[in-house]
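Structure, as structure tokens:
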Protein chains: 2
Amino acid sequence: MAGAAPTRVLMGVNESTINGYPHASISSRKAFEWTLDKIVRSNTSGFKLFFLHVQVPDEDGFDDMDSIYASPEDFKSLKRRDQARGAHLLEFFVERCHAIGVACEAWIKRGDPKEVICHEVKRLQPDLLVVGCRGLGPFQRVFVGTVSEFCVKHAECPVITIKRSAEETPQDPVDD
Amino acid sequence: MAGAAPTRVLMGVNESTINGYPHASISSRKAFEWTLDKIVRSNTSGFKLFFLHVQVPDEDGFDDMDSIYASPEDFKSLKRRDQARGAHLLEFFVERCHAIGVACEAWIKRGDPKEVICHEVKRLQPDLLVVGCRGLGPFQRVFVGTVSEFCVKHAECPVITIKRSAEETPQDPVDD
């Protein structure tokens, strides 16, 4: 078994709704630390982690209120800045893996997170998908939707969902 | 990390709807073998497995059509027989764990599987709950209900759901 190919674990990670980029959300960090602590443990060569960050196209444009768009080039720089913010988010996870000696890869996609995650599962065929979740009640779920519920139903690999603990949950549980 | 307490994994296991006791269902066997192969791997001392089999009280009594109940004692023997069948189911999992050197415990409860599993999570506080599932479509789910969906929402620990693959799924996907 020691010589077998490592277990390939895909993790969907996103930015904090409270602190913004490059800070990872509470549920992403929780899911990541839990996976290292409870699954990988000391068997660092037995696992390879894949970090996928899905950027949601910014519909209301609040982030870009101070920007002036005078040419098509300006929009390109905007896109580059988004990419950079996503990269800084991924840096946290990749650095932590390198420090403890777990192989990893990380990349950014744009779109609807739940659809993109399931599409990437189909493409990458990992052994396991890890998704953190906020643990919202039924009333909050109606308005927010949950990525984890969708992935459990539709992803073509085993899925682990990890809720935040009560003490990690912000005052407004929709925050993360 | 090597000296840390093992990761405690609770698995809900049930009998095959096709072959009956003591045969484990397709989804239970799949979830078990997957967990050994992809999570435990060679790190056999890093994990302890807990097998919970929940017996559903037999409402229609088909299994007992040939039995004659002449005294309260007869009902006791019925209960003992049920227990024995459940024990033989658990034997499969426990023997497999012993053969590869993974610590384990197994026990039987009666009741509604989804409620009992979540109750046992509260009591045992495992690090992880593993549930196999049939991967039913929305139409089938309405009539059958799914234990895995309930556990993902309500169990107070991370939950991994493992679907059967297409080639493991019987002609009637409600069978298991």
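Below, chains carry the letters A, B, ... as their sequence lines are ordered, and counting in each starts from 1.
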Answer yes if [X] and [Y] sit in the same cluster of Ile, Leu, Val, Met, Phe, Trp and Tyr residues linked by side chain heavy atoms under 4.5 Å apart, and no otherwise.
X	Y	result
B/I100	B/F32	yes
A/L90	A/Y21	yes
B/V131	B/F150	no
A/V13	A/I18	no
A/V130	B/W34	yes

Closest contact, heavy atoms only, A/R41 versus B/F47: CD-CZ, 3.9 Å
What one should report as the nearest heavy-atom pair of B/D37 and A/T7 is O-OG1, 4.4 Å
Under a 4.5 Å heavy-atom cutoff, which of A/L128, A/I162, A/V159 has the most pairs with chain B? A/V159
At a heavy-atom distance under 4.5 Å, which candidate from A/V152, A/L129, A/I160 has the highest pair count against chain B? A/I160
Step by step, would you call B/K38 with A/R8 a side-chain contact (heavy atoms from CB on, under 4.5 Å)? CA-CA 9 Å; B/K38 299 299 182 185; A/R8 301 160 83 233; over 6 Å; no
More than 12 heavy atoms of other groups within 6.0 Å of A/H154 NE2: yes
Output yes when a side-chain donor or acceptor of B/K163 lies under 3.5 Å from a complementary backbone atom of A/A155, and no otherwise. yes
Max heavy-atom pair count under 4.5 Å with chain A, selected residue of B/D127, B/V9, B/N43: B/D127
When rounded to the nearest 0.5 angstrom, what is the spacing between OG1 in B/T161 and NZ in A/K153? 11.0 Å
